[in-house]
Each structure stands twice: as structure tokens, then as C-alpha cells.
There are 4 protein chains.
Amino acid sequence: MQVLKDEMKKNILRSALREFNRLGYRDASMRQIADTAGITPGNIYRYFASKEKMLHELLQPTYEQFVGYMLEIKQDLEDVSAMEPDNSLAFLHKIQSTIVRLFNQSSLELSVLMNKSEGSPYENVKQELTTVTYSILEKAFHTFQNGTARLQDEENQSAHMIASTIVEGMCIILREYEDGDTIERLVDELVRIYFTGIGDRINRS
Amino acid sequence: MQVLKDEMKKNILRSALREFNRLGYRDASMRQIADTAGITPGNIYRYFASKEKMLHELLQPTYEQFVGYMLEIKQDLEDVSAMEPDNSLAFLHKIQSTIVRLFNQSSLELSVLMNKSEGSPYENVKQELTTVTYSILEKAFHTFQNGTARLQDEENQSAHMIASTIVEGMCIILREYEDGDTIERLVDELVRIYFTGIGDRINRS
Amino acid sequence: MQVLKDEMKKNILRSALREFNRLGYRDASMRQIADTAGITPGNIYRYFASKEKMLHELLQPTYEQFVGYMLEIKQDLEDVSAMEPDNSLAFLHKIQSTIVRLFNQSSLELSVLMNKSEGSPYENVKQELTTVTYSILEKAFHTFQNGTARLQDEENQSAHMIASTIVEGMCIILREYEDGDTIERLVDELVRIYFTGIGDRINRS
Amino acid sequence: MQVLKDEMKKNILRSALREFNRLGYRDASMRQIADTAGITPGNIYRYFASKEKMLHELLQPTYEQFVGYMLEIKQDLEDVSAMEPDNSLAFLHKIQSTIVRLFNQSSLELSVLMNKSEGSPYENVKQELTTVTYSILEKAFHTFQNGTARLQDEENQSAHMIASTIVEGMCIILREYEDGDTIERLVDELVRIYFTGIGDRINRS
DNA sequence: TATGAATGAGGGTTCATTCAT
DNA sequence: TATGAATGAACCCTCATTCAT
């Protein structure tokens with residue numbers, strides 16, 4: 001054989017990862033992936049039955065871990081009746097550590113999973129993360145405003161916005177940095193900022 | 001005649017705006033835009049030389065304003081030697097009000113410009129906004145850490161991360177909400193959160 | 001428009017009919033159909049959403065009639081408890097007249113439907129015809145052997161063989177002749193042969 | 001070595017036979033044939049220059065016998081000036097026994113040759129059989145109508161139809177049944193039916 | 001000015017065949 | 001001799017764009 005079969009598979013997945021990250025799943029082209037891998041398009045199909053199966057093989061391990069982590073968090077969340085401030089921060093830290101752990105194992109895959117999977121069965125993964133984050137916030141908000149009034153639409157919107165932006169923030173960090181330690185530090189910082197603001201950084205007086 | 005032509009142009013642009021917002025620039029189809037506009041695909045090319053030129057005409061005004069606002073902010077920024085905390089918040093409010101103002105004038109165009117322009121020459125506009133935001137933060141951070149040590153790489157990265165995520169946060173809000181007041185409130189809340197955290201919302205004790 | 005849209009549609013269907021008859025549905029190529037029609041492959045898709053839809057549009061009217069006729073025959077068959085010889089011949093004449101009628105309305109379509117639809121949803125149509133024919137024969141055989149013994153496996157096989165060959169015989173006639181009257185005469189002759197043999201034709205003594 | 005090579009050839013041909021019978025020559029895949037044979041696709045080409053050559057080696061012996069038998073029948077036919085009824089039946093029995101003999105020697109090959117060779121140079125073999133059968137019928141018809149009138153077009157067409165359908169009938173039997181005795185019985189029955197009809201089967205009165 | 005039919009390049013995919021090993 | 005990876009042409013199909021009318 002011209003190239004070790006396993007080598008070639010990895011080679012193709014590497015190209016695919018690159019192209020998916022560049023253009024997204026839908027707009028990445030098998031021909032371009034083949035070119036990048038230095039082979040002909042038809043040859044890809046010796047290794048992967050279809051574009052979607054290729055994505056699957058690329059993302060499945062990461063996705064499965066993701067689902068597992070999410071499940072844990074959801075179950076933990078159900079066990080909590082009233083949520084203390086520290087508690088909600090702790091839950092956000094779980095989200096954070098999910099991201100960081102997944103990143104450390106498979107950074108680019110996670111990035112595709114979160115940001116570039118439109119048009120594939122994985123396109124709603126980020127939404128799942130956002131939803132869980134929202135659940136955390138909702139519980140936190142709800143608990144502490146219980147005495148005063150029912151959780152209002154505005155509060156809901158705010159929680160939604162915060163969940164979306166904090167999750168998206170994590171995704172950006174994944175997209176823009178490569179070093180694991182840097183990612184970890186920045187995600188941690190992001191979560192902290194959402195809790196305490198950047199005031200302490202710019203206001204030492 | 002010119003009037004008719006202008007009417008038709010607006011009509012087409014309206015459809016294009018809708019489709020770009022729905023599917024993004026790259027995946028929106030000229031035929032669908034034509035259908036939505038109630039004309040034929042070929043006819044679009046009487047008014048716009050290409051899909052890209054069409055996007056250009058759609059976004060150019062908003063983009064120019066955007067550039068103008070950015071320029072103002074940059075110049076203001078240059079005039080500030082030492083930045084006080086309140087000052088940096090004020091600057092962020094400028095970013096915020098840029099977004100809000102642009103939104104109020106051309107909400108959908110801004111959303112396309114920021115979120116749906118992948119594959120077009122505008123795909124990096126968000127980056128420009130991020131860069132300016134970064135400049136603000138850099139100056140703020142720099143000022144207040146001046147006494148202790150030189151601005152370190154880590155600080156730079158943090159500033160970059162904060163800039164990216166806060167800008168992306170605004171873009172998400174643009175993408176996910178339609179009502180102007182809601183947008184305004186949420187963007188404001190986002191900026192405030194970045195300064196003071198959500199602590200006051202969940203910790204009333 | 002360069003060519004009347006409806007003309008072109010008919011033109012394409014004519015080419016398709018030709019190619020389907022030549023190579024069968026599966027092996028006929030859209031490119032070749034386009035070439036035969038004097039257009040580009042892409043243009044076919046302005047007229048038909050897919051190869052399968054094209055076949056559908058080509059065969060549906062014929063198929064619907066076919067189904068209708070089959071239904072009638074099946075219902076008539078249910079109403080018959082004991083089948084006289086003349087009766088079974090009459091039933092075969094119904095099959096025969098179904099074929100002849102359908103042929104007179106749409107000869108090539110019927111030929112594709114019966115002989116060249118492998119790989120499409122219509123691939124089992126001939127089988128339906130064979131099954132109904134088998135039902136007729138089974139009833140006829142069963143009735144007249146009732147007194148002696150139960151219908152044996154061999155009888156079943158014979159009935160099956162006769163049904164298959166008589167139906168296929170009709171299909172061959174459809175395939176090889178074009179003139180309606182000829183078709184009608186030959187199909188009639190075929191059915192008669194199956195009942196009385198060709199003996200009377202070669203044995204006048 | 002030659003022995004090994006021959007073993008392998010037979011092995012491949014066995015797989016090819018299976019696949020050709022399953023899907024037909026055109027739609028059978030070399031890769032599947034290789035898989036079934038337990039070898040690699042490339043290796044097939046050590047033994048056969050192409051798919052077509054492979055089919056050739058598979059069918060050639062059967063085809064040559066077939067041609068030989070046909071020749072015999074044709075020559076016998078030439079020696080017969082006036083054909084008696086029994087004679088024509090006898091000739092049809094020769095056709096029949098050709099089929100049965102070939103089947104007993106190489107059942108699957110015969111089935112491919114007759115039914116599954118579309119897209120190959122053998123796709124018209126069935127036609128040859130039909131032509132000989134037609135010659136028999138023509139002579140029989142001609143003989144017995146000699147006194148009355150010239151052999152008419154209609155008679156020709158009838159003879160043609162009968163030849164086609166009886167041959168196709170035999171082919172169907174080859175296609176649909178596997179057991180030699182069953183084949184033999186059904187082919188015999190088919191020929192008898194063409195001579196005397198199924199009347200005796202359903203009309204015992 | 002407007003139509004919408006037509007094009008051509010490119011999409012994902014399959015498969016007989018070739019060829020480096 | 002045998003492997004199986006690789007090729008290239010063809011498959012069905014889509015879409016921005018062009019152009020005869």
C-alpha cells in the first residue's frame with residue numbers, strides 16, 4: 001500500500017477538520033478536503049461512507065463525552081432545590097470544566113462541534129449547552145427572587161441572553177486560542193467576569 | 001423610470017435581507033431571493049451585477065456608518081491619555097450605543113453585517129469592532145496596571161478575550177431578538193455585567 | 001423563452017421514455033437524456049425535481065389506471081366462488097384487455113412500467129399483474145380439481161409458471177410491436193393459445 | 001502454478017456467477033465479486049482483463065454449446081421439407097431439450113446468458129434462440145397452410161410472437177426456479193401448453 | 001425593461017480499472 | 001503473485017449567472 005491505511009484516514013480527518021473549521025460542515029467540499037489531503041475525491045470514500053459519516057467519526061467521541069458531562073450536570077441540578085450564589089457559580093464551573101476538559105482532549109473537534117456543524121445532525125449541540133446553562137441561571141435567579149415576585153419575562157430574557165453569551169464566549173475562546181492552559185485561564189476568567197465583573201481589574205482604588 | 005428602478009431595487013434588497021438573515025450570505029439562493037421579491041432570477045442582474053454586489057449595496061450604508069462611529073471612538077480614544085474606570089465604561093457605552101444606534105436605523109442589515117456575512121468581503125467586520133473594543137480595554141488595563149508592571153501577554157489575551165466575547169455577545173443579542181427596546185436593554189445589561197458581574201442579581205443579602 | 005416550456009417538458013419526457021426503454025430506469029443517465037433532448041443536464045431540473053420524479057410523471061397516469069383495472073379484476077374475482085372454464089378464460093381476457101387498453105393509451109410508458117422500472121418504486125408492477133393472474137389460475141385449477149385432491153405444490157408451481165409466462169408474454173408483445181391493432185391481435189392470440197394450444201393452427205387434418 | 005491459477009479463476013468465476021445472477025451483468029460490482037471470492041479487486045485483473053472478458057470466460061463454454069445445439073437444429077430443419085404436426089412438436093422439444101440439457105450442465109451460466117447479460121455482448125443471445133424457434137414455427141405454419149394461401153404477414157407476426165413468448169417463458173423458468181427436475185417439468189409443461197392449451201387442466205368434463 | 005430557459009461549474013458519490021508496493 | 005490504495009470518469013443534482021426573446 002502506498003500509505004498506511006490508518007495514516008491516510010488520519011490524514012483525511014485532519015484535512016476535514018481543517019476545512020470544516022474553515023467553512024463549516026455544509027460549505028466544506030469533499031473535493032477540497034481531498035485536495036488538502038493530497039488525494040482524489042473518490043478515494044475518500046474508501047475511508048468514509050459519506051461526508052456525514054466522516055463528520056460523525058470526527059465528532060462522535062467528543063460528542064459522547066459532551067452528552068455524558070451534560071447528563072451529570074442536569075442530574076446534579078435536579079438534586080438542588082434552593083440554589084445559593086456559590087452554588088450557581090459552582091454549576092457554571094461545571095459547564096466551564098466540561099468545555100475545558102473536552103478541549104484538552106480534542107480542541108478542533110470541539111470547535112467544529114460547537115461552531116461549525118450547521119447542516120449536520122450536530123447542529124444543535126451548542127443550543128444544548130446553552131439550555132443547560134440557562135437552567136442553572138433560571139434556578140439561581142428564581143431562588144433569590146422568590147420572595148419578591150415571580151420570575152418575569154424580562155428576567156427570563158436576561159437569563160437567556162446571559163446563557164447564550166457566556167456559552168458563545170466559551171466557544172470563541174475555543175475558536176481563537178490553541179493552547180490548553182490559555183483556554184483554561186480565559187474560560188475561567190470569563191465565568192468569573194460574569195459573576196463579579198471586570199471592575200476589580202480596572203478599579204484598584 | 002429612475003423611481004421605478006429604485007423601488008424595484010429596494011424590493012429586491014428587502015428580499016435579500018430576509019434570505020441573508022435566514023440562511024446567511026453563502027447559503028442564500030438568488031432564485032429564492034427573486035421568488036420572494038416576486039421577480040425572475042435573471043432580472044435581479046439588471047439591478048445588481050452579482051450576489052456580492054447586491055450584498056454590498058445592502059450593507060454599505062450601515063457599514064459606512066459603522067466605520068464612521070468606529071473612527072470617532074478611535075479618535076476619542078487617542079485623546080485620552082490616562083483612562084479612569086468610569087471612562088472605560090463610558091467608552092464601552094460608546095460601543096454599545098453604536099450597536100444600538102445602528103440597530104435602530106437598520107436592524108436586519110446590522111445583523112447580516114455582523115452575523116450572516118460569512119463568505120463575503122464583510123465577514124471580518126465583527127473583527128473590526130472587536131479590535132476597537134480591545135483598544136479600549138487595553139488602554140484601561142494599561143493605565144491601571146501601569147504602576148505595577150508592564151502590560152503582560154496574559155493581560156493582552158484577557159483583554160482580547162473580553163473584547164471578543166462582549167462583541168459576540170452583542171451580536172448574539174442582535175441575532176436572537178427583534179424588538180428594539182429588548183435589544184437595547186439586553187446590550188446594556190451585558191455591558192453592565194462585564195463591569196460588575198451578575199452578582200447583584202443573585203446575591204441580595 | 002427559447003422554447004415553449006411545455007414543449008420542452010414533452011421533449012424531455014420523450015427522450016427519457018426512449019432512454020428508459022433502452023437501458024432501464026436505473027441505467028439510463030440524465031446526461032444522455034439531456035443530450036437526446038438537446039439540452040444540458042442541469043436544465044432538466046427546471047422541469048423535474050429528480051430522476052425519480054421524472055419517471056413518476058411519466059408513469060403515474062398509466063400506473064393509476066393499471067391499479068384501477070387490477071382492483072376491478074380482484075373484486076370480480078372475489079365474487080366468484082366456483083370458476084367455470086369459460087369464466088377463467090373470461091378473467092384472463094380481463095387481464096388481456098387491461099394490457100391492451102393501457103397500451104393503446106400509452107404504449108411506451110406501459111413498456112417502461114412493466115419492463116424497465118428496476119431500481120424505481122414501480123419495479124414490482126409486473127409482479128402485481130402476475131399475482132392477479134395467478135389468483136385467477138389458482139381459482140380455476142382449484143375449482144376443477146376440488147373433487148380429486150388438494151391443490152398440490154406442483155399445481156401451484158405450474159399456475160405460477162403459467163401466470164409468469166403469460167404476463168411476460170404480453171410484455172414482450174408490448175416491447176416488440178408498436179401498432180395497436182397488432183398488439184391487440186397478438187395478445188388475444190397468446191391468451192387463446194394458453195387455453196387451446198396452437199394445435200388448431202398447425203393441425204388441420 | 002497453473003493449477004493454482006485455475007483454482008483461483010474458478011473461484012472468481014463462481015462469485016461472478018452469483019453476482020451476475022443477483023444483479024445482472026451491468027449492475028454487478030467488481031468489488032463485490034472480489035469480496036465474495038475472498039480476494040482483492042485488483043487481483044481479479046490478474047485473471048481477467050476486464051469485467052467483459054470475465055463474463056466472456058464465464059459464458060463462452062455454455063454459449064458455444066448453445067450455438068452448437070442451435071446449429072444442429074437448424075441443419076435438421078433444413079433437411080425437413082414438409083413438416084408434420086408431430087414433427088414441429090418434435091422440433092420444439094429439441095429447443096426444450098437444448099435448454100434443459102444446458103441447464104443441467106450449467107444452470108446459472110445459462111440463466112445469466114439468457115436473462116442477466118444486458119449491457120454485454122451476450123445481451124442478444126435470447127434473440128438467437130427466438131430466431132431458431134421462429135424458423136421451426138414458420139416452417140410448420142408454412143407447410144400446413146401451403147395449400148390455402150401464401151404465408152401472410154399476420155402469420156409471420158404470430159409465429160414471431162409465439163417464438164418470443166415461448167423462449168421468454170423458458171427463460172423465466174430458468175430465472176425463477178433452481179431445481180433441475182422442476183425446471184424440466186415446467187419447461188415441458190410450457191411447451192405442451194403451447195401445443196394443446198391448458199384446457200385439459202381446467203376442463204375435465 | 002423583463003422574462004425564465006439555459007448554461008456550466010461545482011456539489012456529493014460510485015465504480016471499473018490501474019499501479020506502487 | 002497479490003494487495004488494496006488510488007485514480008478518473010461518470011453518476012445525480014444545485015445554483016449563480018447569462019442570454020435569446
Side-chain angles (χ1 to χ4, degrees), chain A residues 1-9 11-12 26-34 37-54 119, chain B residues 1 4-5 8 26-35 38-54, chain C residues 1-9 11-12 26-34 37-54 119, chain D residues 1 4-5 8 26-35 38-54:
Chain A
M1 59 197 104
Q2 280 85 331
V3 178
L4 266 306
K5 188 168 160 130
D6 220 49
E7 278 307 307
M8 182 53 88
K9 198 163 180 176
N11 179 24
I12 295 170
R26 191 183 351 237
D27 294 315
S29 116
M30 294 297 266
R31 271 169 175 81
Q32 181 58 44
I33 290 169
I39 58 170
T40 40
N43 199 19
I44 289 185
Y45 291 84
R46 285 190 52 71
Y47 300 91
F48 306 98
S50 69
K51 193 184 181 186
E52 190 175 314
K53 289 270 172 61
M54 191 169 80
Chain B
M1 206 50 69
L4 277 185
K5 189 160 175 171
M8 182 54 88
R26 185 156 30 205
D27 294 320
S29 120
M30 291 297 265
R31 197 179 308 279
Q32 183 57 46
I33 290 169
D35 282 1
I39 61 165
T40 47
N43 200 16
I44 287 185
Y45 290 83
R46 296 228 138 260
Y47 300 92
F48 307 97
S50 69
K51 194 183 182 185
E52 191 177 313
K53 289 272 171 58
M54 191 170 79
Chain C
M1 57 197 105
Q2 281 85 331
V3 179
L4 264 309
K5 190 170 159 128
D6 219 50
E7 277 307 307
M8 181 53 87
K9 198 164 180 174
N11 179 26
I12 295 171
R26 194 189 341 243
D27 294 315
S29 114
M30 293 298 265
R31 263 174 180 77
Q32 183 57 45
I33 290 170
I39 57 169
T40 39
N43 198 20
I44 288 185
Y45 292 85
R46 285 189 53 70
Y47 300 92
F48 306 97
S50 70
K51 192 183 181 185
E52 191 176 314
K53 289 270 172 60
M54 191 169 82
Chain D
M1 207 50 69
L4 277 187
K5 188 160 174 167
M8 181 54 89
R26 186 157 29 206
D27 294 320
S29 120
M30 292 296 266
R31 197 180 309 277
Q32 183 58 45
I33 290 169
D35 282 2
I39 61 164
T40 47
N43 200 16
I44 287 186
Y45 290 84
R46 295 227 138 263
Y47 301 91
F48 307 97
S50 68
K51 194 182 181 185
E52 190 177 313
K53 289 271 171 60
M54 191 170 78

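So you know, we letter chains A, B, ... as the sequences are listed, proteins then strands, and number each from 1. As a basis for the values below, the full set of heavy atoms in this structure was taken, side chains included, without hydrogen atoms, waters or symmetry mates.
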Subject >> Gap between atom CD1 of A:Ile39 and atom CD1 of A:Ile44 - 0.5 Å precision >> reply: 5.0 Å
Original post:
How would you list, by chain and number, every residue that makes a side-chain contact (heavy atoms from CB on, under 4.5 Å) with D:Tyr45, sequence neighbours excluded?
Top reply: D:Met30
**OP:** Tell me, please, which residues at least two apart from C:Asn11 pass side-chain hydrogen bond (donor to acceptor under 3.5 Å, both in side chains).
**Re:** none
Subject >> Which residues share a side-chain hydrogen bond (donor to acceptor under 3.5 Å, both in side chains) with C:Glu52, sequence neighbours left out >> reply: none
Original post:
Quick one: D:Tyr47 OH to E:dA16 P, roughly how many Å, whole number?
Top reply: 19 Å
Original post:
Could you write out DNA chain F as a dot-bracket string, with dots for unpaired bases, | for bases paired across to another strand, and Watson-Crick or G-U pairs counted at under 3.5 Å?
Top reply: .||||||||||||||||||||
**OP:** Quick one, give me the B/S/- string for nucleotides 7-17 of chain F, reading 5' to 3', where B means a protein heavy atom under 4.0 Å from the base and S means that only happens at the primed atoms, P, OP1 or OP2.
**Re:** BB-BBBBB-BB
Subject >> Partners passing side-chain contact (heavy atoms from CB on, under 4.5 Å) against C:Arg31 (at least two apart in sequence or in another chain) >> reply: C:Ser29, C:Pro41
Original post:
How many Å lie between CG on D:Asp35 and P on F:dT3, as a whole number?
Top reply: 12 Å
**OP:** Specify the closest pair of heavy atoms between A:Lys53 and A:Ser50, including all atoms of both residues, with the distance to one decimal.
**Re:** N-OG, 3.0 Å
Original post:
Nearest 0.5 Å, what's the CE-OH distance between A:Met8 and A:Tyr47?
Top reply: 5.0 Å
Subject >> Exercise: identify the closest heavy-atom pair between A:Ala34 and A:Thr40 >> reply: CB-C, 3.7 Å
